[in-house]
Amino acid sequence: MSALNELYKEIERCQDCELAKHRIRVVPGEGPERADLFFIGEAPGWHEDQQGRPFVGPAGKFLEELLASIGLRREKVYIANVIKCRPVGNRDPLPKEIEACRKWLERQIEIVQPKMIITLGRYSAARYFPNESISKLHGKARKRGDIVYYPMYHPAAALHQGSLRKTIQADMLKIPEILAQAENLVQAQTEPQQLSLF
Ligand code: URA
């Protein structure tokens, strides 16, 4: 069994927070065992909880459109969430739920070894850039170690607000160039470094 499939089996058994009691399906994430791009959303919604797959509702449809704008299908990238079970009534995830789920995302990233982590929305941005607002962070790439972090607005927010929609579309279009640039910057950075190009 592949390392990811073994990990999914562990995640499916997880009872480390209250959300486990209410889920229909765990939504570990999906994608290739190795992928350059690793997208992190917030939490499963109703559709995801039903199907056990991330981003399969309206926000997922928009994410697929955004990926198509840079010539990618969703199967080519890794897609996960900060938490793996749906919060009841789609409420915001609680800090203790995010903390309980942290280990799973870390292990996914270790296995997939992405070159670029794209955070979608403020909960996943906060994992890497606590205390910074998404309105300042979005669309700017920063390198830590060998990974480039690139915050974007959440597709669900952008779906409902015309101005954010254009911003998220523009931010997505920058990804191929940032990825190309990331490959040139092989030296690990000890401090977060904003890439001068963007
Ligand atoms: N929103 C998310 O953040 N994740 C999903 O999987 C679906 C919607």
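Atoms within a ligand are numbered from 1 in the order they appear, just like the ligands themselves. Just so we're clear, the structure is a prediction, and the values are computed from it rather than from any experiment. Index from 1, following the sequence.
- Of the N and O atoms on the side chains of Asn81 and Tyr123, not one donor lies less than 3.5 Å from an acceptor on the other residue.
- Under the 3.5 Å distance criterion, the side-chain polar atoms of Lys84 are matched with a main-chain donor or acceptor of Pro28.
- On a distance-only criterion, Gly45 and ligand 1 share no N/O pair closer than 3.5 Å.
- Between the side chain of Tyr150 and the backbone N or O of Lys174, no donor-acceptor pair lies under 3.5 Å.
- Using a 4.0 Å cut-off to heavy atoms of Glu42, the atoms of ligand 1 that qualify are 2 (C), 3 (O).
- At distances below 3.5 Å, not a single donor-acceptor pair connects side-chain atoms of Arg74 with backbone N or O atoms of Gly60.
- There is a path of hydrophobic side-chain contacts, each under 4.5 Å, that joins Phe39 to Phe62.
- Atom 2 (C) of ligand 1 has Ala43 O, 3.1 Å as its closest protein atom, hydrogens excluded (heavy atom only).
- For His154, the heavy-atom gap to ligand 1 drops under 4.0 angstrom.
- Checked by atom type, the side-chain pair Lys103/Gln108 shows no donor-acceptor distance below 3.5 Å.
- Contact annotation for Glu48 and ligand 1: only side-chain heavy atoms (C-beta onward) come within less than 4.0 Å of the ligand.
- Looking only at protein heavy atoms, the nearest one to atom 4 (N) of ligand 1 is Asn81 OD1, 2.7 Å.
- Annotation for ligand 1: atoms under 4.0 Å from non-hydrogen atoms of Gly41 are 3 (O).
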